[in-house]
**Student:** 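Below: one structure in C-alpha cells.
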Amino acid sequence: MHIGKTLTNYIIETQRGIEGATGEFTGLLNDIATACKKIASLVDKGDLIGVLGAAGSENVQGEEQKKMDIITNEVFIEALENNGHVAGLASEEMEDVYNLAAGKPRGGYMVTFDPLDGSSNMDVNVSVGTIFSILKAPKGVENPSAEDFMQPGTTQVAAGYCLYGPSSIMVITTGQGVKMFTLDRDMGEFIMTRDDVKIPEDTQEFAINASNSRHWEAPVKRYIDECLAGKEGARGKDFNMRWVASMVAEVHRILTRGGIFMYPIDEKTRKAGKEGKLRLMYEANPMSFIVEQAGGASTTGRERILDIQPKELHQRVPVVLGSKNEVELVTRYHSE
Ligand code: P6P
C-alpha cells in the first residue's frame with residue numbers, strides 16, 4: 001500500500017525548483033501545516049474538550065469572539081513564532097501586527113491569517129476553515145509595521161486554506177497552480193489528493209446571502225434575478241443556490257465543481273461605513289490568488305481584487321469570485 005505524496009514531499013520538491021531557495025519557505029509551510037493539524041484535532045473534538053461557544057469578548061471588528069477564535073489564533077502563533085521563518089504576523093483576531101518577542105529568530109516572510117473562518121458554524125457542527133496568505137517581509141526589518149503589510153494581493157508568495165469538514169483538506173498555491181492534500185489522521189500527514197485543480201468556466205450554482213437582497217445594488221439584483229428566472233429567463237438555464245456561511249467551504253465547493261460566490265457591497269454595509277463584509281488581507285486576497293490560479297476570477301464587482309492597494313490591515317472589500325464567465329458577467333453588469 002503506497003504512502004502517496006505528502007505535503008512535506010511536495011514542499012521540498014517545490015523548493016528544489018526555486019533558485020536560491022534556503023529552505024525557509026519550506027519550513028514555514030511545514031509550520032502552517034502543523035498549526036492546521038492541531039486545529040483539525042481541536043475542531044474534531046469540539047464539545048468533548050469544551051471549546052465551543054462564545055469567549056465573552058469582541059474582536060477588532062466588534063464581532064463576538066468564539067472560544068475557538070482565540071484558541072486557534074494562539075495555536076497559529078505558537079506554530080509560527082519559534083522557527084525563524086517569519087518576521088511578523090497579522091490576524092483577524094488581533095488589532096495590531098504581531099511582532100515576535102525580542103530574541104526570537106526572524107525570517108523573510110510575513111503571514112496574514114484568519115485562524116478559524118466561519119467559527120460561529122462550529123456551534124452547529126458545520127464546516128469551518130483556516131485561511132492564510134504569505135508575503136515577503138521587507139529586508140532587515142525586525143518588527144514589521146502594519147504599513148509593511150500593505151502589499152497588493154499580486155505580491156503574495158503563497159496562499160492557502162485548510163477546510164475542516166468531513167475530511168480536513170489543505171489547499172495551497174505557490175503560483176504554480178492549486179494542489180489539495182487530505183489529512184490522514186492516523187498518520188498525521190497531509191497526502192496529495194488533487195494535483196491540478198481547475199474551476200469550470202461556467203456554472204449553474206450561485207452562493208449569496210439572499211437575506212440581504214433588499215439592500216443589493218442594481219447589478220447584483222439583476223444578476224440574481226436572471227439566475228432565479230431559470231431556463232425561461234435571459235440565462236436560458238436553471239440555477240441552484242448554496243449558502244454555507246463559511247467562505248472556506250464555499251470556495252472549496254467552487255474549486256471542486258464550479259460556481260460563483262458573492263458577498264457584494266450593499267446599502268446596509270455602506271450605511272455602516274464599511275466597504276463590504278469580507279476582509280482583504282486574510283480572506284479576499286488569499287482566496288482570490290487560489291481561485292485565479294485555478295482558472296477562475298475574483299473581483300469586487302468593479303475591479304480585480306488582487307490589484308487593490310491595501311490601506312489598512314482589517315480593510316473590507318466586496319467579493320465576487322468563482323467560475324470565470326460568471327464573474328465576468330457580474331462585473332460587466334456593474335460597468336454598464
Ligand atoms: P453571513 C464568516 O463569518 C464569514 O466571514 C465568511 O466565512 C462567510 O462567507 C460570511 O462571513 C458569512 O456572512 O452574513 O452570511 O453571516
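Whatever order the structure lists ligands and atoms in, that order sets their numbers, starting from 1.
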**Student:** Could you tell me, atom by atom, which parts of ligand 1 come under 4.0 Å of a heavy atom of A245?
**Tutor:**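 In order of number, 2 (C), 8 (C), 12 (C).
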**Student:** Does H314 reach the side chain of E312, with side-chain heavy atoms less than 4.5 Å apart?
**Tutor:**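 Touching, per the 4.5 Å side-chain cut-off.
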**Student:** Using a 4.0 Å cutoff against the non-hydrogen atoms of S246, which atoms of ligand 1 qualify?
**Tutor:**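 By the 4.0 Å cutoff, the relevant atoms are 7 (O).
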**Student:** If you measure from each heavy atom of E63 to ligand 1, is any distance below 4.0 Å?
**Tutor:**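 No, that is not the case, since the closest heavy atom of the residue is not under 4.0 Å from the ligand.
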**Student:** Answer yes or no: does atom CG of N125 have more than 12 heavy-atom neighbours from other residues, nucleotides or ligands under 6.0 Å?
**Tutor:**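 No, because the 6.0 Å sphere around CG of N125 holds 12 heavy atoms or fewer from other groups.
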**Student:** Counting only N and O atoms by type, is there a donor-acceptor contact under 3.5 Å from the side chain of T130 to the main-chain atoms of P115?
**Tutor:**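 Pair found, side chain donor or acceptor close to backbone of P115.
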**Student:** Measure from the ring center of Y109 to the ring center of F25 and say whether it is less than 6.0 Å.
**Tutor:**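 Yes; F25 has its ring centre under 6.0 Å from that of Y109.
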**Student:** Is it true that K5 and E13 make a salt bridge, defined as a side-chain N closer than 4.0 Å to a carboxylate O?
**Tutor:**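 E13 and K5: salt-bridged.
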**Student:** Run the numbers for me: atoms of ligand 1, each under 4.0 Å from some heavy atom of R279, listed by number.
**Tutor:**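 Listed by number with element, the hits are 5 (O).
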**Student:** Heavy-atom distances under 4.0 Å are what count here, so tell me which part of V244 touches ligand 1: side chain, backbone, both or neither.
**Tutor:**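 It is neither; nothing of V244 touches ligand 1.
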**Student:** Atoms of ligand 1 less than 4.0 Å from G118 heavy atoms?
**Tutor:**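 So the answer, numbered in order with elements, is 2 (C).
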**Student:** F261 heavy atoms, cut-off 4.0 Å: which ligand 1 atoms fall inside?
**Tutor:**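 Contacts of ligand 1 toward F261, numbered from 1: 9 (O).
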**Student:** May I ask whether E250 places a heavy atom under 4.0 Å from ligand 1?
**Tutor:**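 Contact absent.
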**Student:** Out of curiosity, does V220 fall in the hydrophobic cluster containing V319 (side-chain heavy atoms, cut-off under 4.5 Å, transitive links)?
**Tutor:**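 Result: yes, single cluster for both.
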**Student:** Determine, for K324 against E328, whether the closest basic-nitrogen to carboxylate-oxygen distance falls under 4.0 angstrom.
**Tutor:**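 Looking at K324 and E328, the cut-off is met.
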**Student:** Can you sort out which atoms of ligand 1 are near W243, meaning under 4.0 Å from one of its heavy atoms?
**Tutor:**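 Counting from 1, the qualifying ligand atoms are 12 (C), 15 (O).
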**Student:** Between E250 and R257, does any NZ, NE, NH1 or NH2 come within less than 4.0 Å of an OD or OE carboxylate oxygen?
**Tutor:**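 Result for this pair is no, no salt bridge flagged.
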**Student:** State whether the shortest distance between N or O atoms of D117 and N or O atoms of ligand 1 falls below 3.5 angstrom.
**Tutor:**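 There is such a contact, yes.
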**Student:** Going by heavy atoms in the side chains, are I265 and E217 under 4.5 Å from each other?
**Tutor:**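 In contact.
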**Student:** So which heavy atom in the protein is nearest atom 14 (O) of ligand 1, and how far is it from that ligand atom?
**Tutor:**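 Among all protein heavy atoms, the one nearest atom 14 (O) of ligand 1 is Y263 OH, 2.6 Å.
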**Student:** Which of the numbered atoms in ligand 1 are below 4.0 angstrom from a heavy atom of E283?
**Tutor:**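 Answer for ligand 1: 5 (O).
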**Student:** What do you reckon, does M247 have a nitrogen or oxygen under 3.5 Å from a nitrogen or oxygen of ligand 1?
**Tutor:**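 Looking only at distances, the answer is yes, because the N/O contact criterion of under 3.5 Å is met.
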**Student:** Could you check atom 11 (O) of ligand 1 against the protein and tell me its nearest heavy-atom contact, residue, atom and distance included?
**Tutor:**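 Checking every protein heavy atom, the shortest distance to atom 11 (O) of ligand 1 gives K277 CE, 3.4 Å.
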